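Have a look at the structure below before the remarks.
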Amino acid sequence: MSDAFIICSHLSFSWPDDTPVFQDLSFTVGGGRTGLVAPNGAGKSTLLKLIAGEYRPGGGTASVEGVLGYLPQTLPLVGDLTVGEVLGIAPVIRALDAIESGDASEEHFTTIGSDWDIEERTRAELDRLGLGDVSLTRRLHTLSGGQVVSLGLAAQLLKRPDVLLLDEPTNNLDLDARRKLYGVLEEWNGCLLLVSHDRALLDRMDRIAELDRDEIRSYGGNFTEYEEAVRAAREVAEKNVRNAEQEVKREKREMQQARERAARRAGNAARNIKDAGLPKIVAGAMKRRAQESAGRSNETHAARLSDARARLDEAGRAVRDEQKIALELPGTNVPAGRTVFLGERMRVGYGEQAIFTGEGADLAIRGPERIALTGPNGSGKSTLLRVINGELVPEGGGIKRADGRVAYLSQRLDLLDLDRTVAENLAAFAPGMPEAQRMNLLARFLFRGSRIHLPVGVLSGGERLRATLACVLCAEPAPQLLLLDEPTNNLDLVSVGQLESALSAYEGAFVVVSHDERFLAEIEVNRWLRIFEGRLLETGPPDGD
């Protein structure tokens, strides 16, 4: 086998409407762990689908050396499947059971092949990913979203792949499940190509591959080292631009000065010729030589100016064109002593799930508190947010809310009308805002030109989150309490940084559900709540859920 496990050669791909995604993209990925980063919409997931063979390229090739394992961002799984069926081992287990019962049919041996230890390997793999107590006969619909993701990864690892493609594998994982996944990947010794915005995970990579237009640039080291390299390169590029701009100004000034000198010389020469009384033919020859000399000087300075402008263009191209959300949240300034939410002895049931049973749970949110709500997948974090927002009514206990608006951003991103455009949705949330102001606001959320008039239903996950953020955060009246349920799941790393800055400057109260430790540290959380086994606990920063 060659050193390159993944080989993409002159790869091109366009959407059915001929919108290009890649053109003539070539790169290789060798052994070890590689993190693939780029802004939302750059084509990271599309590239993984091309490598996995789910999409066919319009030109070029994408090939894999060895056995491939691929975990997409959205798992195409049916809720009635059993865990064994999802793992692809159900037929082997049935064949083993049949042989143990005395049925020695040849078809059973064919089905088993070399997988006589499949059950032991499966239990070991499930245990490594925190699913040790999950039965192979359990139905998929009884598992949490995070458990389903871990199960999907286990299914790929059981293939014993040489190449593993993972697309946002930590999106729905709680903190404990994330740490187990980190451990599994740290032990990985094949070829891993991973798309993620999880900086803790990217810091465990051997290298970072940056997708930029039709090029992939590789940086040795983890994500923190990549950020430092990019920052240093940006500083050099910006310095080169400043130097090139000064050079253009200098060449323009020298060109103008040369023209003025030539004009003065020409004027002086004309007067001298006239005073000298030279014959016309001699005077004409002298005038032509002066004009030719001035022309040559002008051409020289024009060429130097053109070269300086070319160097400025080249320096400008080296500066990264990073699309950043210019996010400023409404100034809400909730006084420190004001209670914006009070729940006493809340008992909550949702479907078959019972939360805060017995005497119930108490929760008071006062002033500009910054609250992180943690807990294992399925513990009821999203349900509690819906109670605070008023979507769910507790089965027992009392609820009081302040008069200020509560803004709720759910995981499902189902707040907007999918058939309306981005602009129409914002107009519905902020009808009193002038149209010009709405257009300016959407531009700050990176919706410009024709993107403003696209139906929300056709947007990518990251774009839909940006549109939802714009509508939720800028609706009228301004929110005094923000409820954010995994807000970073579909944001690229640049946008996550912008959201962190905005929340750090926000003057109201917020409750955020997130398993991203670095994100929670950056937004300066000052109160930690944890739901565990039906109780709401006051804690400090978690050592692990």
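All heavy atoms count here, side chains included; hydrogens, waters and symmetry mates do not. Just so you know, these numbers come straight off a predicted model, no measurement behind them.
- Side-chain atoms of T170 and D198 include a donor-acceptor pair closer than 3.5 Å.
- Other residues, nucleotides and ligands contribute only 12 or fewer heavy atoms inside 6.0 Å of the CG atom of D403.
- Using a 4.0 Å cut-off between a side-chain N of Lys or Arg and a carboxylate O of Asp or Glu, D362 and R345 do not qualify as a salt bridge.
- Every residue two or more places apart in sequence or in another chain that forms a salt bridge (charged side-chain N to carboxylate O under 4.0 Å, His left out) with E227 is listed here: R518.
- When the shell of 6.0 Å around CD of E538 is examined, it contains more than 12 heavy atoms from other residues, nucleotides or ligands.
- In the model, D516 has no side-chain atom that pairs as donor or acceptor with a side-chain atom of S514 under 3.5 Å.
- Shown here are the ring-ring contact (aromatic ring centres under 6.0 Å, His included) partners of F341, two or more places apart in sequence or in another chain: there are none.
- Judged by the 6.0 Å distance and 45° axis criteria, R207 is not positioned over the aromatic ring of Y219.
- Salt-bridge check for R178 with E517: failed, with every basic side-chain N at 4.0 Å or more from each acidic carboxylate O.
- A salt bridge links R217 and E215; the closest N-O separation between the charged side-chain nitrogens and carboxylate oxygens is under 4.0 Å.
- The two residues P479 and R405 make their nearest non-hydrogen contact at CD-NH2, 3.2 Å.
- Taking a cutoff of 4.0 Å between a charged side-chain nitrogen and a carboxylate oxygen, R347 and E395 do not qualify as a salt bridge.
- Side-chain polar atoms of R530 and T539 form no donor-acceptor pair below 3.5 angstrom.
- When only modelled atom types and interatomic distance are considered, H10 and D24 share a side-chain donor-acceptor pair under 3.5 Å.
- There is no side-chain donor-acceptor pair under 3.5 Å between E391 and Y408.
- With respect to R199 and E500, a salt bridge is recorded, a charged nitrogen being found less than 4.0 Å from a carboxylate O.
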Using atom types as modelled, flag every donor-acceptor pair under 3.5 Å from a side chain in residues 422-434 to any protein atom, sequence neighbours excluded.
| from | atom 1 | to | atom 2 | distance (Å) |
| --- | --- | --- | --- | --- |
| E424 | OE1 | T421 | N | 2.9 |
| N425 | OD1 | D417 | N | 2.9 |
| N425 | ND2 | D417 | O | 3.1 |
| N425 | ND2 | R420 | O | 3.4 |
| N425 | ND2 | T421 | O | 3.0 |

Candidate pair F22 and F13, rule ring-ring contact (aromatic ring centres under 6.0 Å, His included), full reasoning: CA-CA 5 Å; F22 311 114; F13 181 79; 7.2 Å; no
